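Here is how names work: the chains are called A, B, and so on, in the same order as the sequence lines, proteins then strands, and each is numbered from 1. Treat the numbers as computed from the prediction; the structure is a model and nothing was measured.
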Amino acid sequence: MGARVPALLLAGLLAAPLALTAGTAAAQVRSVEVRSPRPFGIFLGDLVEAQVEILADPDFRLQRATLPQPGPVTYWLDLRAVAVDDVTVAGARRVRLRLTYQSFYAALDARTLEVPGFPLTLASEAATGLTTAAVQVPGWSLGVSPLREVQPQRREDPAEYLRPDGRGGRIDPGPDVAAAAGLGTLAGLAALALAHDRAWGPFRTRRGRPFATALRVLRRQRAGAEPDQAYRAALLALHRGLDQTAGRRVLADDLGDVLARHGAFRGQAEGLARFFEASRLAFFGGRLPAARAAWPLAEAEMLLTRLAAAERSA
Amino acid sequence: MLTDWRAAAARFEAEVAKAVVGQERAIRLVTIAIFARGHVMLEGDVGVGKTTLLRAVARALGGAYERVEGTVDMMPTDLIYHTYLGPDGRPRVDPGPVLARAEDLSVFFFNEINRARPQVHALLLRLMAERSVQAFGRTYTFPNLQVFADRNRVEREETFELPAAARDRFLMEIGLEAPRDAAVRRTLVFDPRFHDTDALVGAVAEGVLDHARIGGIAAAIQHAVRAEPSIEAYVVALWDALVRPAEAGIRLPGLDTATLVQGGASPRGVAFLVRAARVRAWLEGRDWLVPEDVRAVFTEVMAHRVFLEPVHELQRGAIVPALCRAAFETVPAP
């Protein structure tokens, strides 16, 4: 049916057009013409294109608000689309409307139906004011026909009244399967990336060993630096190891808390207490030599070795 | 001499603890404030013992004690003058609460300070900052004056928030809560001794400390307690962390630390912090500062000096302590 419409339209346009001059049109509107395709042989559901051509004085423009809205026109006819072509040609204004109707008339016999006309307004805007001209687009007629006879031949099986279904083409599942496989692979890769980012499952990294790191720092310092400096560096390394283990900065007074939370180091409580005493003395008491005498570097190394061992076994 | 005074301070704390149970931390902080010559703001619910604590402190401290209640219609002159009609029907003008005891005044207790108007806060500012007022054509000075104020944090109607300048003058803002310990709670409620506040405060020995000499002792403490370069660096790092938490690497759940703090934490505030920390070190029997001294007084001294962006200001009660805690968990010591 759809393919038939342009052909119908062409035939209608070539056929003698219905030239009608609207009586109500003022002098500014020169002519109103409705061109319809062939006025017969329209079936249920057919799209019917009609063209309205209005010639008016050149300074007139169509007021688009007055165009008919797509939607039901009568109980059997819908307006589907309206296209407007508003141009100046050879000293006149030419307004062309292409109206697409659809007929829902289930005809029992061939008959002619009237398509209602509609009013339009053209307007000319000048410095002195706005001049409007009303245009009545006249109605036109349409010949509708039934698809088949009213009383068909009698059949045994009512199903035989129906035409057999058309054959559908075979659908190839190949591309869909390939797309699904591709997207699945992508999803898997994304999940792996997420797991890596969140340190889930196989990406869960082993807990760092801050005391082992501190021990390495201490040994490196002891080799090179001057004794006082090496001692300070060793204390600092132990502090940072403790901080990292506890997940916060540990002051001397917090030792009990930290040991309660990290049971593995409870055995080193005494050594740690002496470390804090020495660290306080060295950093805040300004008596580094006294601290070194009370708790020498060798003891620091021993404590760190024991802490690193406890950390490994924890 | 400092050792004798340390013993006196311990006696003072023991005396105050007779009247106020379960508030060891608050008593310790008030003691620190006394020896740091700083003014104290007490904040807490109704009926947790703010007034009792201050009355006990005033009694144990000795010296004259004056107390006023903040009201909406109180004017600065109400603190300085007292006008009335005498028995002979003639108008009289007498010195008000601030001037009544003149230079001997050692504890001035301002109850419900946030009920008073800004004019009164301005007078108080002068009293706290310069320990002097102008009245009757001359300047009164109060060399031993210590201002204690309290406010309850429940009510907000008809109250006036203290201006930042006045809050900055307070050495500490101590939050007082009812004790958590079940045994202490039972004692507080059932022991009839705690029902009669007057008798309770009366049991505190009078004048345990010689209030007139505390100024000299306070100065001596500040000179006697040493601060090594590492503790200086630590305090400055804490200060930085408080003002620019994002740069110090502090993250708080649900908050953007880069835009959290608007300002505050004045140099005067940090100087007060070190002052209080030194007193704490002295009370602990040390003549050098350690990070724990700073931590022990940090929240009380610094929290009220930090100003948050207005959008967070209503939740400051939760945010600022968390920020202080985070600063101590982030800044390395040493």
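The 12-atom threshold is not exceeded at CD of A/Glu125, counting heavy atoms of other residues, nucleotides or ligands nearer than 6.0 Å. Surrounding CG of A/Leu130 are more than 12 heavy atoms belonging to other residues, nucleotides or ligands, all under 6.0 Å away. Within 6.0 Å of the CZ atom in A/Arg266, the count of heavy atoms belonging to other residues, nucleotides or ligands exceeds 12. Within 6.0 Å of CG in A/Leu189 there are more than 12 heavy atoms belonging to other residues, nucleotides or ligands. More than 12 heavy-atom neighbours from other residues, nucleotides or ligands sit within 6.0 angstrom of CZ on B/Arg185.
A/Arg249 places no side-chain N or O within donor-acceptor distance of the main-chain N or O of B/Phe328, the cut-off being under 3.5 Å.
Scanning residues 225-249 of chain B against chain A with a 4.5 Å non-hydrogen threshold yields B/Arg226, B/Glu228, B/Ser230, B/Ile231, B/Tyr234, sorted by number. Residues of residues 290-305 of chain B that come within less than 4.5 angstrom of chain A, heavy atom to heavy atom, are B/Val290, B/Pro291, B/Glu292, B/Arg295 in numerical order.
Contact annotation: the side chain of B/Pro332 approaches that of A/Arg240 to within less than 4.5 Å [non-hydrogen atoms, C-beta and beyond].
Interface remark: A/Ala252 contributes backbone and side-chain atoms alike to the contact with chain B (heavy atom separation under 4.5 Å). In this structure, chain B has heavy atoms under 4.5 Å from both the backbone and the side chain of A/Leu251.
B/Arg280 approaches A/Asp253 most closely through the heavy-atom pair NH2-OD2, 4.4 Å.
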